[in-house]
Amino acid sequence: TTPTLDCKGRALILDRVRVVGIVNVTPDSFSDGGEHAGADAAVAHGLKLAEEGADVLDVGGESTRPGADEVSVEEELRRVIPVIERLARECPLPISIDTSKPEVMRAAVAAGAGLINDVYALRREGALDAAAALGVPVILMHMQGEPRSMQASPQYDDVVSEVHRFLAERIFAAEMAGIAKKQIVVDPGFGFGKNREHNLALLAQLERFGELGVPLLAGLSRKQTIGELTGRDDPHDRVFGSVAAHVIAAQRGAKLVRVHDVAATVDALKVWNAVAAQPLPRAKA
Ligand SMILES: Cn1c(SCC(=O)Nc2ccccc2)nc2c(=O)[nH]c(N)nc21
């Protein structure tokens, strides 16, 4: 049977690698178009990504970049709720809310979000219970430390084993809180408390996470490791490197990839999915 995530009635069928399109909602103060400019731009961008072939839209108040300061609950709600309401109405795709705050989870699901994408893997106070009560699929991501300081000097004895153990613990915690295992997705959290060799080790050994028995999401899009490997300082110039990384992730078991450049990734994965769908030669008698 094919794993299928029930995102508040919108099915996400994991019969092939699926593309999660990133919709960052910038604060209105950053955009000079008036009090809804940030939301208008985010909604337009989400609809564009849907046109390009995204399977999911991941809406976030952009509070999880390395070095970022905390965004208040009120500010996060002000940014993301209008965007989720409009996208849920105008677009048939499942919408994931990128948040760690229980209040934002509840409001976002009420507004139409059908998945929770939590970079803290539901470790904040009340998050496990909120997610369990909402009954939507959850993406549990590994992070070492906090966004503000996690990239200072990340340390591991064995990054793959330590991330694997963390994700196993978070799956257990989620199940104990009443979240069905079939609603859980895990994610090694590229760039969240990892340097280049940590990220490359995680990608090289991505198959290890298959042991956890739940679908895996990989998110390398435009990240610093891609920039370092390709010598592209401007994140907008990291499309080809990001596509390569996500094809490798698909080859090594990722079922979802979280990307900025949806059209490019969709084309690359159309090739990958076609080959993956080929029947294997019959074993010799
Ligand atoms: C919300 N979120 C983020 S934000 C960080 C980011 O994109 N940085 C970044 C973006 C562009 C350029 C440089 C860095 N990354 C993930 C991820 O890898 N997995 C899951 N599940 N959620 C995630």
Side-chain angles (χ1 to χ4, degrees), residues 5 12 18-26 42 45 49 54-69 71 76 79-80 94-101 104-105 108 113 115-124 127 131 136-148 150-151 154 163 166-167 170 174 184-196 198-199 202-203 206 209 214-230 232-243 245-246 249 254-262 265:
L5 301 174
L12 181 52
R18 297 291 181 172
V19 176
V20 180
I22 297 169
V23 179
N24 285 324
V25 190
T26 54
H45 189 67
L49 298 186
D55 298 295
V56 183
L57 297 178
D58 187 38
V59 177
E62 201 172 53
S63 63
T64 44
R65 279 183 190 282
D69 281 331
V71 166
E76 199 168 332
R79 289 185 196 176
V80 300
I95 296 165
S96 62
I97 173 67
D98 155 17
T99 189
S100 302
K101 301 184 180 75
V104 178
M105 293 173 189
L115 289 112
I116 292 166
N117 175 27
D118 185 4
V119 299
Y120 274 87
L122 301 174
R123 286 179 289 156
R124 280 187 184 276
V136 299
V138 295
I139 301 165
L140 307 177
M141 195 196 81
H142 173 270
M143 174 184 344
Q144 185 185 71
E146 305 282 330
R148 241 173 352 82
M150 66 190 174
Q151 288 310 105
V163 172
F166 172 89
L167 293 175
R170 296 316 298 162
I184 297 173
V185 174
V186 292
D187 178 339
F190 289 102
F192 282 84
K194 288 98 178 176
N195 62 27
R196 174 167 47 184
H198 299 142
N199 288 324
L202 286 166
L203 186 52
L206 204 65
F209 297 102
V214 297
L216 186 69
L217 184 148
L220 290 122
S221 184
R222 299 185 179 177
K223 288 184 176 178
Q224 185 173 335
T225 293
I226 303 297
E228 286 173 11
L229 293 172
T230 56
R232 302 291 184 178
D233 294 340
D234 179 346
H236 292 89
D237 294 338
R238 297 173 184 171
V239 180
F240 299 122
S242 301
V243 167
H246 289 126
K255 275 288 172 220
L256 301 121
V257 293
R258 179 181 176 276
V259 306
H260 302 83
D261 306 291
V262 169
T265 309

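Quantities reported herein were computed from a predicted structural model and do not represent experimental measurements. Just follow the structure's listing: the first ligand is 1, and inside any ligand the first atom is 1.
Close approach to G219 involves these atoms of ligand 1, each under 4.0 Å from a residue heavy atom: 18 (O). Per-residue contacts place D98 under 4.0 angstrom from the following atoms of ligand 1 (heavy atoms of the residue considered): 1 (C). Atoms of ligand 1 found under 4.0 Å from any heavy atom of H260, numbered from 1 in the order shown, are 10 (C), 11 (C). Atoms of ligand 1 found under 4.0 Å from any heavy atom of F192 (numbered from 1 in listed order, with element): 3 (C), 4 (S), 5 (C), 15 (N), 16 (C).
No donor-acceptor pair closer than 3.5 Å links the side chain of N199 to the backbone N or O of F190. Listed for the Q151 side chain is a donor-acceptor partner under 3.5 Å among the backbone atoms of K194. Formation of a donor-acceptor pair under 3.5 Å by the R222 side chain with backbone atoms of G241 is not found in this model. Formation of a donor-acceptor pair under 3.5 Å by the S221 side chain with backbone atoms of S242 is not found in this model.
Closest to atom 20 (C) of ligand 1 by heavy atom, among D187, D58, I139, is D187.
For CZ of R232, the number of neighbouring non-hydrogen atoms (other residues, nucleotides, ligands) closer than 6.0 Å is 12 at most.
In terms of N/O distances under 3.5 Å, ligand 1 is approached by N117. Remark: ligand 1 and K223 share an N or O pair separated by less than 3.5 Å (distance only, no angle test). Checking only distances, M141 never comes within under 3.5 Å of ligand 1, N or O to N or O.
The shortest heavy-atom distance from Q224 to ligand 1 is not under 4.0 Å.
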Q: Check the pair D118, R124 against salt bridge (Lys or Arg N to Asp or Glu O under 4.0 Å), reporting the backbone distance first and the verdict last.
A: CA-CA 10 Å; D118 185 4; R124 280 187 184 276; over 6 Å; no
Q) Given S96 and N117, is the side chain to side chain donor-acceptor pair (under 3.5 Å) satisfied, shown in steps? A) CA-CA 6 Å; S96 62; N117 175 27; 5.1 Å; no
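Proximity of V119 to ligand 1, defined as any heavy-atom pair under 4.0 Å, is confined to the side chain (atoms from C-beta onward).
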